[in-house]
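Everything below concerns the one structure shown next.
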Amino acid sequence: MLDQPASKYQAFPTISLPDRQWPGRSITTAPMWMSSDLRDGNQALFEPMNGERKMRMFRTLCEVGFKEIEVAFPSASQTEFDFVRELITGGHIPQDVTIEVLTQSREHLIRRTFESLQGARRAIVHIYNATAPVFRELVFGMDKREILEMALESVRLVKALAQAQPETEFVLQYSPEVFSSTELEFSLEVCNAVSAEWGASPQRKLILNLPATVEVATPNVYADQIEWMHKHLERRDSIVLSLHPHNDRGTAVAAAELGLMAGADRVEGCLFGSGERTGNVDLVTLALNLYTQGVAPGLDFSDINAVARTVEYCNQMPVHPRHPYVGDLVFTAFSGSHQDAIKKGLAAQQPEAQWRVPYLPIDPSDLGRSYGSVIRVNSQSGKGGVAYLMETEFGVVMPRRLQVEFAGVVQEHADAQGGEMTAQDLWQLFSSQFLGAAQAGVRYVDHQLFDASAPGGNQLQGVRLGLEVHGQRVDVRGQGNGPIDAAVQALQGLGIALQVRSFEERSIKASTQGGNAQACAFLEVACAAGGGERYGVGLHGNIVTASLQALVSAINRLGLQAQGAGVARVPQHAAEVAVAA
């Protein structure tokens, strides 16, 4: 029963570190980065990468900005060996990039590893042996003295083989595997012995990698372990202290961040957290966490979608849609209140100003993501998200009350249909509900403007409005202080009495419907006899035509019926003068 204490598990002991400093520190500079995608990440795949995929991943890692890349476990297979050879002989390694290879602390594996590195300009040879009690006792059947001697014998062999290949600059990296489960005093003893045997100096630094091979405690415990080692290591100025957190407890990113605060210089991991079991620490999340705190990470994820597609192709595994920063849905808001806040924040955000947009910890455009992916619509959405997509995708800036009205239409449709509505779905619904309404029971056909005069000589606007009512062409005339007012007066001849509550018009981008930019008219009307308000919308290259279409749209949306469908067509008087609007 998982709801009962489990006697077979025991909490990891805390570290005695009363003067710990890391809780009061902040990360102010980026660490050295080492990608293990081609080794640790690759060995965890259902189908390990072939040569073509490995090369594509390597090039992407170089483009992102990694200067140290663990490219293979060359003694593990011929494929791994051949890839290292191709990198070196094919001239694929940039001058500022150092390849790293991994080998267990076994003589024949180390020798094979050095064979793969013939002709390399610079290479990191990463050796490791497990040091934790459970490995000493159950896997190797060795005591501490034997484990220590295994490490030192490997260092001596690496020194000898490196001296035999003077054309290559070799750097040694040593990992006490399962450091996170090893007694700190023993880890320190092994690491100090290794650094002394290698002859580490400020000019010839040793990389000491302290892995949470299996994450067994909360991130603060790992940070304490790192700070304890940082304070007690001999020749600390001759050591690059490296982290390699795994994600068994789901806290690898936190462990890495706290480990950097505790004194580490370097982090190993994989893009998007690939690796054994639950994966290595996610270097993308870690780097972009720094970026959101004003720290330049030194890695370029300005086209994060391209990086994600490459990783998915090479690993043959998808990136989760909710993965931090890169998932398809992480910059997407379905909640109506979220959408409204994001829309307002984006509207207020000024270029180059401090980022202050609700719910978005990072500007999606910094990662090459478009704002179009930020807000999407389903039955949980509100007016803010709907209005945002209509504006950004189609240039239709709706009045606020129309936003509310249309959002209700959208929600009703989404509830009935289920699932998400795309921007194109929204446009089709908007068109059928508002633009199509101008062609319903009462249909706009054409119009003509003419000058008119009122008693006292005041100039008025006259309109002849051509409509189709119940399939019959009807012309009505009216005059008022403008085209809309004149049309409202004309409609009284059909028994349609309206009050105009508001009118707005916008110019929308040409790409919405193709061709030239068009005028979009928004007309809010109410029936003079009461019964609520409705918006009508018209879209046309001519603003007067768009306005009259919006008026007819509102009539139909109010459900008003023309009473004078049988009225004879009103003849056009010669005095009427058409006016081009």
Side-chain angles (χ1 to χ4, degrees), residues 11-12 15 22-23 25 27 30-45 61 64 66 68-70 102 126 128 130 132 173 175-182 187 207-227 229-230 241-293 295 297 299 301 304 307-308 311 315 317 319-320 322-327 330 361:
F12 195 87
I15 308 302
W22 65 261
R25 292 177 180 155
I27 303 173
M32 301 167 64
W33 303 104
M34 201 287 291
S35 163
S36 188
D37 287 271
L38 290 166
R39 201 279 304 166
D40 206 341
N42 184 52
Q43 75 182 34
L45 300 178
L61 293 169
V64 165
F66 285 96
E68 295 180 355
I69 302 173
E70 192 169 53
L102 179 73
H126 181 188
Y128 72 97
Q173 174 172 325
S175 291
E177 190 191 9
V178 208
F179 161 80
S180 53
S181 301
T182 302
S187 292
I207 301 172
L208 275 181
N209 188 52
L210 304 179
T213 310
V214 180
E215 194 176 34
V216 295
T218 50
N220 61 296
V221 172
Y222 186 60
D224 281 347
Q225 292 173 320
I226 298 302
E227 184 167 330
M229 293 290 286
H230 169 65
L241 193 58
S242 181
L243 308 174
H244 186 111
H246 277 250
N247 198 43
D248 300 87
R249 292 170 55 93
T251 57
V253 170
E257 290 177 329
L258 300 187
L260 291 173
M261 295 176 193
D265 311 302
R266 179 178 183 264
V267 180
E268 298 187 353
C270 294
L271 299 178
F272 312 122
S274 183
E276 295 282 11
R277 304 181 310 280
T278 56
N280 292 262
V281 66
D282 175 7
L283 297 185
V284 177
T285 298
L286 195 56
L288 292 176
N289 283 357
L290 294 180
Y291 182 73
T292 64
Q293 302 304 302
V295 178
L299 298 176
F301 294 115
I304 200 167
V307 176
V311 173
N315 289 346
M317 294 174 65
V319 173
H320 195 281
R322 293 293 182 187
H323 195 102
Y325 299 108
V326 70
V330 296

Report yes if the side chains of P31 and L290 come closer than 4.5 Å at any heavy-atom pair, otherwise no.
-> yes
Could you walk me through whether E257 and L260 pass the side chain to side chain contact (heavy atoms under 4.5 Å, CB included) test, one step at a time?
-> CA-CA 5 Å; E257 290 177 329; L260 291 173; 5.7 Å; no
Side-chain contact, heavy-atom cut-off 4.5 Å: T213 with F179?
-> no
Mind checking the CG-CG spacing from L208 to D265? Nearest 0.5 Å is all I need.
-> 10.5 Å
Could you check if a side-chain atom of L241 sits within less than 4.5 angstrom of a side-chain atom of L210, using non-hydrogen atoms only?
-> yes
Y291 atom OH, over 12 foreign heavy atoms within 6.0 Å = no
Compare every heavy atom of V330 with every heavy atom of H323, then report the nearest pair and how far apart it is.
-> O-CG1, 2.8 Å
Determine, stepwise, if the pair N280 / E268 fulfils side chain to side chain contact (heavy atoms under 4.5 Å, CB included).
-> CA-CA 8 Å; N280 292 262; E268 298 187 353; over 6 Å; no
Closest contact, heavy atoms only, A132 versus S181 = CB-O, 3.8 Å
Main-chain N/O of E70 paired with S36 side-chain donor or acceptor, under 3.5 Å = no
What residues, two or more places apart in sequence or in another chain, satisfy salt bridge (Lys or Arg N to Asp or Glu O under 4.0 Å) together with R25?
-> none
Please confirm whether the backbone N or O of L271 pairs with a side-chain atom of D37, one donor and one acceptor, at under 3.5 Å?
-> yes
Is S242 reaching over with its side chain to a backbone N or O of N209, donor-acceptor style, under 3.5 angstrom?
-> no
Close side-chain approach of F301 to V326, heavy-atom, < 4.5 Å | no
Looking only at non-hydrogen atoms, find the nearest pair between V281 and A252 and report the distance.
-> CG2-O, 3.6 Å
Take F12 and T218, measure what side chain to side chain contact (heavy atoms under 4.5 Å, CB included) needs, and give me the verdict at the end.
-> CA-CA 9 Å; F12 195 87; T218 50; over 6 Å; no
What pair of heavy atoms forms the shortest contact from A44 to E276, and how long is it?
-> CB-N, 3.5 Å
Q173 vs R266 side-chain heavy atoms within contact, under 4.5 Å = yes
Taking side chain as C-beta onward, heavy atoms only, is F66 less than 4.5 Å from L283?
-> yes
With H246, which residues qualify under ring pair (Phe, Tyr, Trp, His ring centres under 6.0 Å), at least two apart?
-> H244
Is it true that the side chains of D224 and W22 contain a donor and an acceptor less than 3.5 Å apart?
-> yes
So how far is it from I304 CD1 to L288 CG, rounded to the nearest 0.5 Å?
-> 5.0 Å
Would you check if M229 and Q225 make a side-chain contact, meaning some heavy-atom pair closer than 4.5 Å?
-> no
Sub-4.5 Å side-chain heavy-atom contact between R277 and V214 | yes
Which heavy-atom pair separates A223 from L258 by the least distance, and what is that distance?
-> CB-CB, 3.6 Å
Roughly how far apart are W33 CH2 and L61 CG, rounded to 0.5 Å?
-> 13.5 Å
Give the minimum heavy-atom separation between A256 and P245, together with the two atoms involved.
-> CB-CG, 3.9 Å
So, R249 side chain and A217 main chain: donor-acceptor pair closer than 3.5 Å or not?
-> yes
With E215, which residues qualify under salt bridge (Lys or Arg N to Asp or Glu O under 4.0 Å), at least two apart?
-> none
